[in-house]
Amino acid sequence: MPYILISCQIRLASGPTTCGDEFADKELMKYLEAELVHTFGNNFKEHISTNPPRVVLNRLEERGYRVVAATGVGQTLVWTLYKDDNPEIVDKGKADR
């Protein structure tokens, strides 16, 4: 699973942090200390960590993920991270030269 989305509410930048949906890698969610919860009114479950986004992002970097995009959507901060499963090609643009 090379992509992951991390988010938090701006007013709650110290946590909790949403780390994934119910189909996310269970071992990775455990490493992020994220528990699967079902919020009343939602028709989906999501993994939530009580850690602030900074801690979650640092842990993901330790596992080889890197931030490729960050944005604000309404009152939510969202980070998209990517993990290259093929470490032989670091920069595909340079590999073509």
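Remember, predicted model here, so these are calculated numbers, not experimental data.
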**Request:** Output, in order, the C-alpha distance, side-chain angles, deciding distance and verdict of side chain to side chain contact (heavy atoms under 4.5 Å, CB included) for Tyr65 and Asp84.
**Result:** CA-CA 8 Å; Tyr65 286 88; Asp84 190 357; over 6 Å; no

**Message:** Do Thr17 and Ile6 make a side-chain contact, defined as non-hydrogen atoms from C-beta onward lying under 4.5 Å apart?
**Reply:** yes

**Request:** Say whether Leu77 and Val67 are linked into one hydrophobic cluster, either directly or through other cluster members, by side-chain heavy-atom distances under 4.5 angstrom.
**Result:** yes

**Asked** Less than 4.5 Å apart, any side-chain heavy atom of Leu57 and any of Val55?
**Response** no

**Request:** Please round to the nearest 0.5 Å and tell me the distance separating atom OG1 of Thr18 and atom CD of Gln9.
**Result:** 7.5 Å

**Item:** Which residues share a side-chain hydrogen bond (donor to acceptor under 3.5 Å, both in side chains) with Glu33, sequence neighbours left out
**Value:** Asn51, Arg59

**Prompt:** With a distance cut-off below 6.0 Å to the six-membered ring centre and an angular limit of 45° from the axis, does Arg63 pair with Tyr31 as a cation-pi contact?
**Reply:** yes

**Asked** Do Ile10 and Val56 belong together in a cluster built from hydrophobic side chains that touch within less than 4.5 Å?
**Response** yes

**Closest non-hydrogen atom pair between Asp85 and Pro2, with its separation** = OD2-CB, 4.4 Å

**Request:** For Asn42, enumerate each residue passing the side-chain contact (heavy atoms from CB on, under 4.5 Å) test, keeping only those at least two apart in sequence or located in another chain.
**Result:** Thr39, Phe44, Glu46

**Asked** Can Leu36 be reached from Leu28 by stepping across I, L, V, M, F, W or Y side chains whose heavy atoms are under 4.5 Å apart?
**Response** no

**Message:** Please check if the number of heavy atoms outside Glu62 that lie under 6.0 Å from its CD is greater than 12.
**Reply:** yes

**Request:** Using modelled atom types only, decide if a donor and an acceptor are shared between the side chain of His47 and the backbone of Cys19 within a distance under 3.5 Å.
**Result:** no

**Prompt:** Under 3.5 Å, side chain of Ser49 to main-chain N/O of Leu32, donor-acceptor pair present?
**Reply:** yes

**Asked** What is the minimum heavy-atom distance between Met29 and Ile4, and which atoms define it?
**Response** CE-CD1, 3.8 Å

**Chi angles and distances behind the side chain to side chain contact (heavy atoms under 4.5 Å, CB included) call for Trp79, Cys8** = CA-CA 9 Å; Trp79 295 268; Cys8 78; 4.2 Å; yes

**Message:** Which residues pass the side-chain contact (heavy atoms from CB on, under 4.5 Å) test with Thr80, not counting sequence neighbours?
**Reply:** Tyr3, Leu5, Val68, Ala69

**Asked** When you check the gap from the basic side-chain N to the acidic O, do Lys30 and Glu35 get nearer than 4.0 Å?
**Response** no

**Request:** List the atom of Ala24, the atom of Gly20, and the distance in Å for their closest heavy-atom pair.
**Result:** CB-CA, 4.2 Å

**Crowding at CD, Glu22 (>12 non-hydrogen neighbours, <6.0 Å)** = yes

